Amino acid sequence: MSLHHSEDPRLWNFEHELHALGLAGGPMSRRDAIRLGLLGSAGLLLGSRYASAAQSAPVAPRARSVIQIWLWGGPCHLDTFDPKPDAGSDYTGPLNKPLATNVAGIRIGELLPQLARQADKYSLIRSMSHNVNSHETASYLVQTGQAAGGRDVFPRVGSVVSLFKGYDSGYQGLLPPYIVLTELQGRFSEAGFLGSRYKPFATGGDPGAARFVVEGVVAPGINDEQQRARRDLLHRLNTFERAQRSGDPRLAALAQCESEAYEMILGDAGKVFDLSTENDAVRERYGRNTFGQSCLMARRLVEKGVPYVTINYKGWDTHKQHFQIMRRQLPELDRGLATLLEDLSQRGLLDSTVVWAGGEFGRTPKVLWEAPWNGGRGHYGKVFSTLIAGGGFRGGSVVGGSDARGEEVDGQPVHPADLIASIYGQLGISTEAHLPHPEGLKIRAVPVGAGGPLRAIL
């Protein structure tokens, strides 16, 4: 990364200072970026090129944050949020005893007992549909609202929220406005044509480990005292602080960057990643595993005002050993997600936080008993389910449905763009909003007419 091309003239032509910090002469890593405070000072370093594009007709927001739980690989709707116990064992397999929830008339999968007790807090969309059965193209469609194959790569929802609710729109937090726990999908560019300014910060590490090692913030094997000693040594080895006092605005800007970088590492902003400060009983409630602790971490991040958090939860691509995997994955999902909803509610955060849980598609309703699958389920985009909660979305409701075997939408389908448009609306992002395009094209954030089928739960 070169700062010669920054739109802020205060940051031109100081390669010498970068050499003094050991950051010149090659691509800049995320750790180096954080050392310069690029994540906390994105507005300063990258200017306000897109600020005007983020303006649109004002809409009163009901939500300020989103937690997206991405069930990477595609969960089966019959085993989770749309059970079909009367379809027969070729469809249900051994999971044929759905649970009544605390909302009359709503049943969910038998391995989700804690979520069954929280159904008044969420709604289920049982008629999601797009007819795409490839991971890459389905993921792109569900996370952008746009079909794959066009001339542009569109940004996913988190990047759009980062545009409209991040630094361009007055966000002042040192924590990045779009955070992924813990690993990027890598199937397509998250920011699309918006560019790298709107890419998420992926933490790396494992929130379920003894110490959550966050890339660029928490270094393995180095404690806070050692980090402070490194900073002090750096200051003794250069004339940075004395030069700052000379009044040079370029160096003052760099000093601010460095200060904010160390605040991320050593100050209160960085401490949000230290889960050891949480009560042990709370951590146990979420589940002492990567997903459960990621849910806890997400709650802490939205408490700090982060607009968009994604939890990428792997393991749902169950072509083989489907039911064995479900007996492991579904209790983890149940415990972590139910506790997150309850915790957000008790802390007064659920009304301002949208929780969106689902994957790129469902799975084949009919079990593939034959070899080589031996009890697996394939990809199925024709109909699948999504859970939506908080942020002004009504709880205790079901939108749409599927037929008796979960093979077809029964009634009006809900397309990914409908869900995305509704989430944007809850955040106060106008359906008329446009995205800045590098070629000056007028591109809507969501397709015209999207969002209608979900009015019943708004």
Side-chain angles (χ1 to χ4, degrees), residues 61-71 74-75 77 80-82 101-103 106-109 112 114-130 141-145 156-158 160-161 295 298-299 302 307-311 313 316 333-334 336-345 349-362 383-402 409 411-429 431 446 450-458:
R62 302 182 69 180
R64 69 171 191 172
S65 298
V66 177
I67 297 173
Q68 179 189 15
I69 297 174
W70 183 251
L71 304 180
H77 47 302
T80 54
F81 304 131
D82 190 13
T101 70
N102 67 342
V103 176
I106 298 178
R107 295 191 296 177
I108 62 175
L112 304 172
Q114 293 191 45
L115 280 170
R117 294 191 289 271
Q118 301 287 328
D120 59 316
K121 295 181 175 65
Y122 58 79
S123 285
L124 299 174
I125 306 170
R126 288 177 170 169
S127 55
M128 293 294 298
S129 181
H130 54 50
L141 177 55
V142 172
Q143 298 206 48
T144 67
R156 66 177 58 180
V157 177
V160 174
V161 173
C295 288
R299 186 219 80 198
V302 298
Y308 205 94
V309 181
T310 295
I311 299 172
Y313 184 17
W316 300 91
L333 173 67
D334 182 50
L337 178 51
T339 303
L340 175 63
L341 294 172
E342 184 177 28
D343 206 1
L344 289 170
S345 179
L349 292 169
L350 189 58
D351 287 344
S352 62
T353 306
V354 174
V355 180
W356 165 21
E360 59 263 48
F361 39 49
V383 56
F384 57 105
S385 297
T386 293
L387 178 151
I388 193 81
F393 283 100
R394 185 180 305 158
S397 298
V398 172
V399 176
S402 62
V409 170
Q412 184 179 15
V414 176
H415 300 294
D418 297 321
L419 176 58
I420 291 170
S422 297
I423 291 171
Y424 288 165
Q426 300 305 84
L427 291 166
I429 300 172
T431 55
V446 294
L454 297 183
R455 290 196 186 101
I457 57 171
L458 296 177

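All figures in this text were calculated on a predicted structure; none of them were measured in a lab.
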Looking only at heavy atoms, which two atoms of [X] and [Y] are closest? And how far apart?
X: S127; Y: Q412; answer: OG-O, 3.4 Å
X: L454; Y: V414; answer: CD2-CG1, 4.1 Å
X: P453; Y: P413; answer: CG-O, 4.1 Å
X: V103; Y: A119; answer: CG2-C, 3.7 Å
X: V142; Y: G359; answer: CG1-O, 3.9 Å

Item to check | Evaluation steps, side-chain contact (heavy atoms from CB on, under 4.5 Å), between V157 and V66 | outcome: CA-CA 10 Å; V157 177; V66 177; over 6 Å; no
Separation between [atom1] of [X] and [atom2] of [Y], rounded to the nearest 0.5 Å:
X: D82; Y: T386; atom1: CG; atom2: OG1; result: 11.5 Å
X: Q114; Y: T339; atom1: CD; atom2: OG1; result: 5.0 Å
X: L141; Y: F361; atom1: CG; atom2: CZ; result: 11.5 Å
X: E342; Y: L337; atom1: CD; atom2: CG; result: 11.5 Å
X: L124; Y: I388; atom1: CG; atom2: CD1; result: 10.5 Å
X: T80; Y: D334; atom1: OG1; atom2: CG; result: 11.5 Å

Is a side-chain donor or acceptor of [X] paired with a backbone partner of [Y] at a separation under 3.5 angstrom?
X: Q426; Y: G391; result: yes
X: R62; Y: G425; result: no
X: N102; Y: D120; result: yes
X: Y122; Y: L341; result: no
X: H130; Y: E360; result: yes
X: S352; Y: L349; result: yes
X: T101; Y: I106; result: yes

Next on the checklist: Would you say that more than 12 heavy atoms from the other residues, nucleotides or ligands in this model lie under 6.0 Å from the CG of D351, or not?
Outcome noted: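 Counting other residues, nucleotides and ligands, CG of D351 stays at 12 neighbours or fewer.
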Side-chain heavy atoms of [X] within contact of [Y], under 4.5 Å:
X: R126; Y: S402; value: no
X: L427; Y: P61; value: no
X: R64; Y: T353; value: no
X: W356; Y: I69; value: no
X: L333; Y: W316; value: yes
X: Q68; Y: I311; value: no

Item to check | Derivation and outcome, side-chain contact (heavy atoms from CB on, under 4.5 Å), residues V354 and S65 | outcome: CA-CA 6 Å; V354 174; S65 298; over 6 Å; no
Donor-acceptor pairs under 3.5 angstrom involving side-chain atoms of residues 415-424: please list them, not counting sequence neighbours.
residue	atom	partner	partner atom	Å
H415	ND1	S129	O	3.2
D418	OD1	G451	N	3.0
D418	OD2	H415	N	2.8
S422	OG	D418	O	3.0

Checklist entry - Does the side-chain contact (heavy atoms from CB on, under 4.5 Å) test come out yes or no for I67 and T310, once each step is laid out? => result CA-CA 6 Å; I67 297 173; T310 295; over 6 Å; no
Item to check | Verdict with supporting geometry, S385 and M128, side-chain contact (heavy atoms from CB on, under 4.5 Å) | outcome: CA-CA 6 Å; S385 297; M128 293 294 298; over 6 Å; no
